[in-house]
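As structure tokens, the structure follows; a few thoughts come after it.
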Amino acid sequence: QMRMTESGGGTVQAGGSLRLSCTASEWSFLDYSVGWFRQTPGKNRELVACVNFDSSATFYADSVKGRFTTSRDNAQRASYLQMTGLKSEDTAIYYCAAATSDYGENPPRLCSGVEVWGQGTRITVSS
């Protein structure tokens, strides 16, 4: 089964930037969207960004719009989450995931179902 592996977490001051990377173990990666999720204690895991299989479409949660940018490099089987203007409320464990899309909805749900989760990487934003 394909594995997804995140890297790039750590501690950063408020207002700073971090870049997360996610690498897939298999070429079936090309068939999936890549979703970036985050979770804090006591809360559900939330989708913050998603890029579809060919990078033609992206989704961002309102809480990160304008600050986070997701991308992918299919030749490297990789996806990235560039985070700028980090706030204390961005502190969480971040997960990448290979996800299926539903283009039958309007607007399309680019990350409608997760097939494979990464192990997560912790980000702490200090004020």
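Counting only heavy atoms from C-beta outward, the side chains of Thr70 and Phe59 never approach each other to under 4.5 Å. Looking at heavy atoms from C-beta onward, Met83 lies out of side-chain contact with Val12 at the 4.5 angstrom threshold. The closest side-chain heavy-atom distance from Glu6 to Gln119 is below 4.5 Å.
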Name every donor-acceptor pair, under 3.5 Å, that has one atom in a side chain of residues 94-117 and the other anywhere in the protein, sequence neighbours excluded.
residue : atom : partner : partner atom : Å
Tyr94   : OH   : Arg38   : NH1          : 3.0
Tyr94   : OH   : Asp90   : O            : 2.6
Thr100  : OG1  : Gly113  : O            : 3.2
Ser101  : OG   : Ser33   : OG           : 2.7
Ser101  : OG   : Leu110  : O            : 2.6
Asp102  : OD1  : Gly104  : N            : 2.9
Tyr103  : OH   : Asn52   : ND2          : 3.2
Ser112  : OG   : Thr100  : O            : 3.2

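Residues Tyr80 and Leu86 do not share a hydrophobic cluster, clusters being chains of Ile/Leu/Val/Met/Phe/Trp/Tyr side chains in contact below 4.5 Å. No continuous path of ILVMFWY side-chain contacts below 4.5 Å connects Leu30 to Phe53, so the two sit in separate hydrophobic clusters.
A 6.0 Å sphere centred on CD of Gln1 holds no more than 12 heavy atoms belonging to other residues, nucleotides or ligands. Residue Asn44 qualifies as open at atom CG: its count of foreign heavy atoms under 6.0 Å is 12 or below.
Every residue meeting the salt bridge (Lys or Arg N to Asp or Glu O under 4.0 Å) condition with Lys65, not counting sequence neighbours, appears here in chain and number order: Asp62. The side-chain hydrogen bond (donor to acceptor under 3.5 Å, both in side chains) search around Asn74 returns Arg72, not counting sequence neighbours.
One distance of note links CD of Glu26 with CZ of Arg3; it measures 7.5 Å at 0.5 Å rounding. Ser71 OG to Asp73 CG: the interatomic distance, rounded to the nearest 0.5 Å, is 8.0 Å.
Put simply, the side chain of Arg45 never gets that close to the backbone of Gln39: no donor and acceptor are under 3.5 Å apart. Thr91 contributes a side-chain N or O that, together with a main-chain N or O of Val125, makes up a donor-acceptor pair within less than 3.5 Å. Using modelled atom types, one side-chain atom of Thr84 and one backbone atom of Arg67 make a donor-acceptor pair closer than 3.5 Å.
Nearest heavy-atom pair across Ile123 and Gly9 is CG1-CA, 4.1 Å. The two residues Phe29 and Ala24 come nearest to each other via the heavy atoms CD1-CB, 3.4 Å.
A side chain to side chain contact (heavy atoms under 4.5 Å, CB included) with Trp36 is found for exactly one of Leu20, Val51, Val64, namely Leu20.
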